[in-house]
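Just so it is clear, the model here is predicted, and its values are computed rather than measured. Residue numbering restarts at 1 for every chain, and letters A, B, ... go by the order of the sequence lines.
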2 protein chains.
Amino acid sequence: MGLRELKKERTRLSILDAALDLFLEQGYESTTVEQIAGAVEISPRTFFRYFTSKDHLVLWFHDHGEGIMLETLRSVPSDEPPFTALMHAVRAVLSDMQGSTPADAQRFLKLRRLLEEHPHLVGLSVARGADTERRMAELIAARRGTDPDQDQLCHLIVAFAMSTMRVGFECPRRDGTVTEIIDRMRETIALAERSLRPGWDL
Amino acid sequence: MGLRELKKERTRLSILDAALDLFLEQGYESTTVEQIAGAVEISPRTFFRYFTSKDHLVLWFHDHGEGIMLETLRSVPSDEPPFTALMHAVRAVLSDMQGSTPADAQRFLKLRRLLEEHPHLVGLSVARGADTERRMAELIAARRGTDPDQDQLCHLIVAFAMSTMRVGFECPRRDGTVTEIIDRMRETIALAERSLRPGWDL
DNA sequence: TGCAATCTGTCATCCACTGACATAAATTAC
DNA sequence: GTAATTTATGTCAGTGGATGACAGATTGCA
């Protein structure tokens, strides 16, 4: 990786950190892009070259997780039932979190606090989730050898899987460590698996 | 109802209709609020007194449906299992659609076409859905006599129910009549009920 | 008819976001 | 090491969504 890419990644994280801190300090709405840019000494125009929008700052984790999930989905043996495969994908995200640097863990926890204090921001995440679901439904349909337009079940499978994930990540009132969150997520997965009729997703 | 409220409702619908037509004609992004306001001969400022934002135009159906669902949820006997109660609420929305005026049906179909052509607008709807889910989870928790912060299952129940609804309304490639959509939705409900383990939501 | 409440338009302003262009920096080729 | 190329950054000007303040018009009611 060249010096250029390295520096780019560093400013990218600087922007993210500065923004998270500002948001938590003075609120999301009342923080302007100009302020964020000022904090990392770049022009507002440059900010938009790193993040397509102010909202995008909040979506970095979602994007990261989506990448891992899609990747996992493609690599998981195709004789596994779809929902099981999706739960594998979710667990892959958890593994990634477990192996993340302390700095990344900090960012994740800050993001969670932010979402807790500004519930309407959760909407941004689930909005992008709609996109993610469409992509996943295609993969699942391919797995099932069906046409996503005809096959309602593939959409339902994906929707249930993402619901499970979302519920698992939902903010418990007192925020814990990353490990606690991962444990909670595992419980939720178990709960979902218990709730579904065996073989429903075949 | 006074003359004032009547007139207000009429302009409200005029704005909505003009907007839907413009969106379908020339796209969502490339239609400005100024154009919409111009089409119904009001000032842009007044537009924002009828709809809190441009996006809000797309959410009128969601808001309407949410109202019906919450209302139904409160009136349904509390010895019914939560998921069953939620499916009743969904069916109440379908009944309302069945009894709607032709004009309303037209609006609904136009909205669907719009969402089909601009998938990213679906995000707006599911974003608001996150809000809706939180409110519903409280009702379900109350029903179950639990604290929504502790009880993961109540969130899962609501999330699964809303997923079912969303999948049911998802655009099939060729758009049909309102009746066809309602039938499709009923199938989806049946599919979801078949997928869940009996008694999972108790 | 006249008073009070409410609706509307105008104006000024903020902020997110984008295209165009010039400059500065890093990468590559020689 | 320097020149040429590619890419990142800043400046500037502009668009469009959204909000507060105020004045004038409209409606509802006594």
Side-chain angles (χ1 to χ4, degrees), chain A residues 1-23 25-60 63 114 118 120-121 123-125 127-128, chain B residues 1-60 63 114 118 120-121 123-125 127-128 131:
Chain A
M1 198 200 280
L3 177 71
R4 197 173 238 157
E5 318 234 353
L6 207 84
K7 198 178 163 193
K8 249 183 114 171
E9 197 51 29
R10 214 182 304 144
T11 28
R12 187 179 178 74
L13 290 176
S14 300
I15 296 174
L16 192 53
D17 287 331
L20 283 173
D21 287 338
L22 282 169
F23 290 161
E25 233 172 79
Q26 53 182 29
Y28 181 80
E29 303 292 351
S30 39
T31 302
T32 70
V33 170
E34 202 180 349
Q35 286 178 309
I36 299 168
V40 281
E41 290 174 319
I42 57 172
S43 77
R45 187 67 185 83
T46 297
F47 169 89
F48 287 106
R49 293 195 176 100
Y50 281 90
F51 294 91
T52 56
S53 68
K54 188 180 164 189
D55 294 349
H56 192 200
L57 286 164
V58 178
L59 294 174
W60 111 93
D63 286 357
L114 185 64
H118 302 266
H120 75 102
L121 291 181
L124 298 181
S125 197
R128 176 147 316 194
Chain B
M1 200 198 280
L3 177 71
R4 197 171 238 158
E5 318 233 352
L6 207 85
K7 199 178 162 194
K8 246 182 117 172
E9 197 52 27
R10 215 182 305 146
T11 26
R12 187 180 177 73
L13 290 177
S14 301
I15 296 174
L16 193 51
D17 287 332
L20 283 174
D21 287 337
L22 283 170
F23 290 161
L24 286 171
E25 236 173 77
Q26 52 181 29
Y28 181 79
E29 303 292 351
S30 37
T31 302
T32 69
V33 170
E34 201 178 351
Q35 286 178 308
I36 300 168
V40 279
E41 291 174 318
I42 58 172
S43 76
R45 188 66 185 87
T46 298
F47 168 90
F48 287 106
R49 293 195 176 100
Y50 282 89
F51 294 91
T52 55
S53 69
K54 188 180 164 187
D55 293 348
H56 193 200
L57 286 164
V58 178
L59 295 173
W60 111 94
D63 285 356
L114 186 63
H118 302 265
H120 75 102
L121 290 180
L124 298 180
S125 197
R128 177 148 317 192
D131 257 46

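Using a 4.5 Å cut-off on side-chain heavy atoms (C-beta onward), L13(B) and W60(B) make no contact. Side-chain atoms of K8(A) and Y50(A), non-hydrogen and from C-beta on, do get closer than 4.5 Å to each other. Within the 4.5 Å cutoff, the side chain of T31(B) has no heavy atoms near those of the E25(B) side chain. The shortest side-chain heavy-atom distance between V58(B) and F51(B) does not fall under the 4.5 Å cut-off. Side-chain contact between T11(A) and T46(A) is absent, with no heavy atoms from C-beta onward closer than 4.5 Å.
Rounded to whole Å, atom P of dT26(D) lies 16 Å from atom CZ of R10(B). We find that CZ of R4(A) is positioned 6 Å from C1' of dA8(D), with the value rounded to whole Å. Atom CD1 in I42(B) sits roughly 16 Å away from atom C1' in dT26(D) (whole-Å rounding). When the P atom of dC15(C) is taken as reference, atom CG of D55(A) falls 16 Å away, rounded to whole Å. The nearest whole Å value for the distance from the CZ atom in R45(A) to the P atom in dA24(C) is 19 Å. F47(A) has its CZ atom 11 Å from the P atom of dT18(C), to the nearest Å. Atoms CZ (R12(A)) and C1' (dA8(D)) sit 15 Å apart, rounded to a whole Å. For F48(A) and dG14(D), the CZ to C1' distance is 14 Å, given to the nearest whole Å.
Evaluation of atom-type donor-acceptor distances gives a pair under 3.5 Å for the side chain of R49(B) against the base of dG9(C).
Taking only side-chain atoms of K8(B), from C-beta outward, the nucleotide of dA21(D), dT7(D), dC7(C) with the closest atom is dC7(C).
Mapping S43(A) and E29(B) onto DNA chain D via the closest heavy atom, the residue that lands nearer the 5' end is S43(A).
For dT27(D), one of the phosphate oxygens OP1 or OP2 lies less than 4.0 angstrom from a side-chain nitrogen or oxygen of K7(B). Distances shown here put every side-chain N or O of Y50(B) at or beyond 4.0 Å from the OP1 or OP2 atom of dC7(C). Taking side-chain N and O atoms only, T46(A) has no distance below 4.0 Å to OP1 or OP2 of dT9(D).
T31(A) comes within 4.0 angstrom of the backbone, heavy atoms only, and of no base.
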